[in-house]
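Reading through the structure tokens given below for one structure.
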There are 2 protein chains.
Amino acid sequence: MSVGLTPEQALRLWHDVNLTMVRDDKPDLSARQVTLLLTVYLQAPPHTVRGLAAKLGVSKPVITRALDAMGKLDLVNRRRDANDRRNVLVQRTVTGSLYVEYLADMISERAGGLPK
Amino acid sequence: MSVGLTPEQALRLWHDVNLTMVRDDKPDLSARQVTLLLTVYLQAPPHTVRGLAAKLGVSKPVITRALDAMGKLDLVNRRRDANDRRNVLVQRTVTGSLYVEYLADMISERAGGLPK
DNA sequence: CGAGTTCGTTACGGAACCGTACTAGTTTAG
DNA sequence: CTAAACTAGTACGGTTCCGTAACGAACTCG
């Protein structure tokens, strides 16, 4: 499966996907929240607040607040690390998995419709 | 040029591009602003506030405020319609063109990383 | 032990954005 | 010429997010 995208196709794809997310009145996650969500779902655990902050290049409170918001939506889950009780481990949820899957299919569909 | 993307590849691409935008301390545009910008640069003029609001499925004040913010960054320009002075036409700028071009190349590069 | 370090969270003042409702200017219809 | 329709912008109250600085809890190690 080839993945080449011309800059013009890339732009069209980016526009279409963003438009879909804007029109879906859905939760409407910010760029930071989406990045955080996908990091958790694409990379191997464990995920700590500090580690995520470093990976995204943002401060810790940003991660804490993002976890608050996304936890309220049941997209991720917090849990204390039993080995080192200072740490908080971020875990996946069923709702989050479904959302990520929906996102993947939606982008994939938009990309498939691109070539003339 | 084939444009097929598996859901997994689409997800990885979406994550990588978002991560790049989060780390670039840049202007940090919202999803709505990006969609508005790309609509102006991808679709044929003229672009009015009302028309853009309808296309994005949002209210007029959202467009007005987005134009305020992006005009301050010199990404788009406002101009009164000479024929119907009630209308405001949204125009492209050099700075905006450069930003869109940068965005297109960045996404295209991320997409090109996998296949070869 | 106890001082120091590391972790996540909270406090706080400020900035950005939202939706509804209203305003001011322009055009159109009767 | 006036009243209605239509445009974009503004006002307002409320919510959310930000960055810096502090905080309490948990671990480390001399």
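All chains are named by letter (A, B, ...) in the order of the sequence lines, taking the proteins before the strands, and each is independently numbered beginning at 1.
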Nearest-nucleotide pick for [X], side chain only, options being [options]:
| X | options | answer |
| --- | --- | --- |
| Pro61(B) | dT10(D), dG8(C), dT7(D) | dT10(D) |
| Ser59(A) | dG19(D), dT7(D), dT10(C) | dG19(D) |
| Val49(B) | dT10(C), dA8(D), dC18(C) | dA8(D) |
| Asp84(A) | dC27(D), dT10(C), dG19(C) | dC27(D) |

Side chain to side chain contact (heavy atoms under 4.5 Å, CB included), paired with Arg110(A), selected from Asp105(A), Leu19(A), Leu13(A):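 That would be Leu13(A).
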
Position toward the 5' end of DNA chain D (nearest nucleotide), Ala66(A) or Asn83(A):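 Going by which nucleotide is closer to the 5' end, it is Ala66(A).
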
5'-most by nearest nucleotide on DNA chain D - Arg32(A) or Lys60(A):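 Checking each residue's closest nucleotide, the 5'-ward one belongs to Arg32(A).
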
Separation of [X] atom [atom1] from [N] atom [atom2], in whole Å?
| X | N | atom1 | atom2 | answer |
| --- | --- | --- | --- | --- |
| Leu52(A) | dT9(C) | CG | C1' | 15 Å |
| Leu67(B) | dT10(D) | CG | P | 11 Å |
| Leu36(A) | dG8(C) | CG | P | 13 Å |
| Asp68(A) | dC17(D) | CG | P | 9 Å |
| Arg80(B) | dC6(D) | CZ | P | 18 Å |
| Lys72(B) | dA16(C) | NZ | C1' | 10 Å |
| Arg78(B) | dA8(D) | CZ | C1' | 9 Å |
| Ile63(A) | dC7(C) | CD1 | P | 14 Å |

Side-chain N or O of Thr64(A) closer than 4.0 Å to phosphate OP1/OP2 of dT9(C):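 Checking dT9(C) against Thr64(A), a side-chain N or O does come within under 4.0 Å of OP1 or OP2.
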
Distance below 4.0 Å between Gln33(B) side-chain N/O and dA16(C) OP1 or OP2: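 For Gln33(B), the contact criterion (side-chain N or O under 4.0 Å from OP1 or OP2 of dA16(C)) is not met.
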
Whether Arg80(A) side chain and Arg86(A) backbone form a donor-acceptor pair below 3.5 Å: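 Yes, Arg80(A) side chain to Arg86(A) backbone: donor-acceptor pair under 3.5 Å.
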
Asp68(B)/Arg78(B) salt bridge by N-O under 4.0 Å criterion: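 Result for this pair is yes, salt bridge flagged.
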
Residue pair His15(A) / Thr39(B), side-chain donor-acceptor N/O under 3.5 Å: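 Side-chain D/A pair, His15(A) to Thr39(B): present.
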
Check: Tyr99(B)/Asp74(B) side-chain N/O donor and acceptor closer than 3.5 Å: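 Note: Tyr99(B) and Asp74(B) side chains miss the donor-acceptor criterion.
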
Donor/acceptor link under 3.5 angstrom from Arg65(A) side chain onto base of dG19(D):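 By the distance-only test, yes, there is a pair.
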
Arg86(A) (side chain) and dT6(C) (base): donor-acceptor pair under 3.5 Å: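 Flag set: donor-acceptor pair detected.
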
Sugar-phosphate, base or nothing in reach of Thr48(B), heavy atoms under 4.0 Å: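 The answer is sugar-phosphate, as Thr48(B) gets under 4.0 Å only of primed atoms, P, OP1 or OP2.
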
